[in-house]
Amino acid sequence: MLYKLAHVLRERFPWVWEMIEQLNGWLFACRYSSGLRHDMGVNCKDFNFKVVRLSPLNVNLAVDFFKAQPEEAFEFFRPHAFDRKSLLRLCRNKGFLAYLVMEGDKVVVGYFFLRCFFTGKCFRGYITDYRHRRMGINRVMGVVATNIALHLNLRMYGSISPRNKASMLSAQAVNEVKILQTLENGDYYVEYLPKKNCDQ
């Protein structure tokens with residue numbers, strides 16, 4: 001219900017959605033302030049990539065990353081606008097935890113986020129650079145997102161198109177994926193649970 005309401009507000013009443021996001025961000029920061037001050041499992045030693053928080057200092061790298069992706073890369077990924085102004089606004093939202101996966105200091109190879117709510121839920125989304133697919137980057141993002149959700153004690157949700165088999169397989173490699181319902185557009189509304197006996 002919350003997922004559907006959020007999409008309706010964002011698409012039909014953007015000014016209402018903006019106000020709700022600001023209020024939610026403030027409430028989320030108040031409730032989870034102690035957890036947000038500590039390491040949330042972002043630095044994973046076993047990965048060859050660096051994960052950094054999206055910020056005004058690196059937002060131009062994110063803009064360039066999105067511009068470089070072919071149109072087909074956005075078939076299943078349109079959670080927000082990708083221009084500099086929109087990304088800067090998301091940076092200021094305490095309830096929107098967004099990260100870049102870096103190869104070195106200048107090359108962005110992946111982007112993921114947790115849109116968090118003060119009620120204890122979050123929604124996950126991610127996209128990998130089209131030139132770096134099948135290199136384990138989806139796994140990096142899945143593991144780090146799961147670590148953050150566990151650290152903050154958040155239940156993690158998302159949507160997966162049944163046509164996007166690669167996304168489902170990569171999610172199942174890291175999480176137990178529980179299908180809760182099929183949405184009106186045909187996507188699965190899922191909960192990402194920690195994978196049992198999985199060394200993350």
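In this text the structure is predicted, and so the values were computed from the model without any measurement. In this chain, numbering begins with 1 at the start of the sequence shown.
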Exercise for the section: Give, for atom CG of Leu97 and atom CG of Leu90, the distance between the pair rounded to the nearest 0.5 Å. Expected result: 11.0 Å

Problem - Contacts of Leu61 that satisfy side-chain contact (heavy atoms from CB on, under 4.5 Å) - sequence neighbours left out - result: Asn58, Met102, Val108

Handout entry: Partner residues of Asn164 under the side-chain contact (heavy atoms from CB on, under 4.5 Å) criterion, sequence neighbours left out
Key = Phe76, Ser161, Ala166, Ser167

Handout entry: Contacts of type salt bridge (Lys or Arg N to Asp or Glu O under 4.0 Å), residue Glu103, not counting sequence neighbours
Key = none

Completion exercise
Rounding to 0.5 Å, atoms CD (Glu191) and CG (Leu180) come to a distance of 6.0 Å

Practice task
Report whether Met156 and Leu193 are members of the same hydrophobic cluster (ILVMFWY, side-chain heavy atoms less than 4.5 Å apart, transitive linking).
Solution key: no

Practice task
Could you check if a side-chain atom of Phe96 sits within less than 4.5 angstrom of a side-chain atom of His80, using non-hydrogen atoms only?
Solution key: yes

Handout entry: Expected output: side-chain Gln69 to main-chain Tyr130 donor-acceptor under 3.5 Å
Key = yes

Practice task
Kindly state each residue pair satisfying salt bridge (charged side-chain N to carboxylate O under 4.0 Å, His left out) with at least one member in residues 156-177, sequence neighbours excluded.
Solution key: Glu75-Arg163

Practice task
Check the surroundings of atom CG in Asn153: do more than 12 heavy atoms from other residues, nucleotides or ligands lie under 6.0 Å from it?
Solution key: no

Handout entry: Nearest heavy-atom neighbours spanning Ala73 and Phe77
Key = O-CB, 4.2 Å

Practice task
Would you check if Met135 and Thr128 make a side-chain contact, meaning some heavy-atom pair closer than 4.5 Å?
Solution key: no

Exercise for the section: List for me each residue that meets ring-ring contact (aromatic ring centres under 6.0 Å, His included) alongside Phe74, sequence neighbours excluded, and say none if there are none. Expected result: Phe82

Completion exercise
Residues passing the salt bridge (Lys or Arg N to Asp or Glu O under 4.0 Å) test with Arg131, sequence neighbours excluded, are Asp129

Handout entry: Pairs where residues 79-91 contributes a residue and the test salt bridge (charged side-chain N to carboxylate O under 4.0 Å, His left out) is met, not counting sequence neighbours
Key = Glu18-Arg89

Practice task
Supply the atom-to-atom distance Leu154 CG to Lys121 NZ, rounded to the nearest 0.5 angstrom.
Solution key: 11.5 Å

Problem - Side chain to side chain, Phe65 and Leu100, heavy atoms closer than 4.5 Å - result: no

Exercise for the section: For the residue pair Ser55 and Arg53, establish whether any side-chain heavy-atom pair is separated by less than 4.5 Å. Expected result: no

Exercise for the section: Could you name each residue pair satisfying salt bridge (charged side-chain N to carboxylate O under 4.0 Å, His left out) that touches residues 61-70, not counting sequence neighbours? Expected result: none

Exercise for the section: Output every pair passing ring-ring contact (aromatic ring centres under 6.0 Å, His included) with a member in residues 154-188, not counting sequence neighbours, ordered by first then second residue. Expected result: Phe123-Tyr157, Tyr157-Tyr189

Exercise for the section: Return yes if some donor-acceptor pair links the side-chain N/O of Asn175 with the main-chain N/O of Lys195 below 3.5 Å, else return no. Expected result: no

Practice task
Can you sort out the partners of Tyr192 under ring-ring contact (aromatic ring centres under 6.0 Å, His included), two or more places apart, ordered by chain and number?
Solution key: none

Practice task
State, with a plain yes or no, whether a side-chain heavy atom of Leu54 is found less than 4.5 Å away from one of Phe113.
Solution key: no

Exercise for the section: Answer whether the closest heavy-atom distance between the side chains of Phe66 and Leu87 falls below 4.5 Å. Expected result: yes

Problem - Nearest-0.5 Å distance, OH of residue Tyr32 to SG of residue Cys116 - result: 8.5 Å

Problem - Distance (rounded to the nearest 0.5 Å) between Asn185 CG and Ser159 OG - result: 7.0 Å

Practice task
Kindly write out the residues that satisfy side-chain contact (heavy atoms from CB on, under 4.5 Å) with Asp105, not counting sequence neighbours, or none if the list is empty.
Solution key: Lys50

Exercise for the section: Find out whether Phe28 and Leu36 are in side-chain contact, i.e. whether some heavy atom of one side chain is under 4.5 Å from a heavy atom of the other. Expected result: yes

Handout entry: Euclidean distance, Leu152 CG relative to Arg31 CZ, rounded to 0.5 Å
Key = 10.5 Å

Problem - Close side-chain approach of Arg124 to Thr146, heavy-atom, < 4.5 Å - result: yes

Handout entry: Smallest separation among heavy atoms of Ala29 and Lys94, with atom names
Key = CB-CB, 3.7 Å

Fill in the blank from the handout: Heavy-atom closest pair (Gly25 atom, Asn93 atom, distance to 0.1 Å) is CA-OD1, 3.5 Å

Problem - Minimum heavy-atom distance Ala149-Leu114, with the two atoms named - result: N-CD1, 4.4 Å

Handout entry: Heavy atoms of other groups near Arg133 CZ, more than 12 under 6.0 Å
Key = yes

Problem - Which residues share a ring-ring contact (aromatic ring centres under 6.0 Å, His included) with Phe112, sequence neighbours left out - result: Tyr99

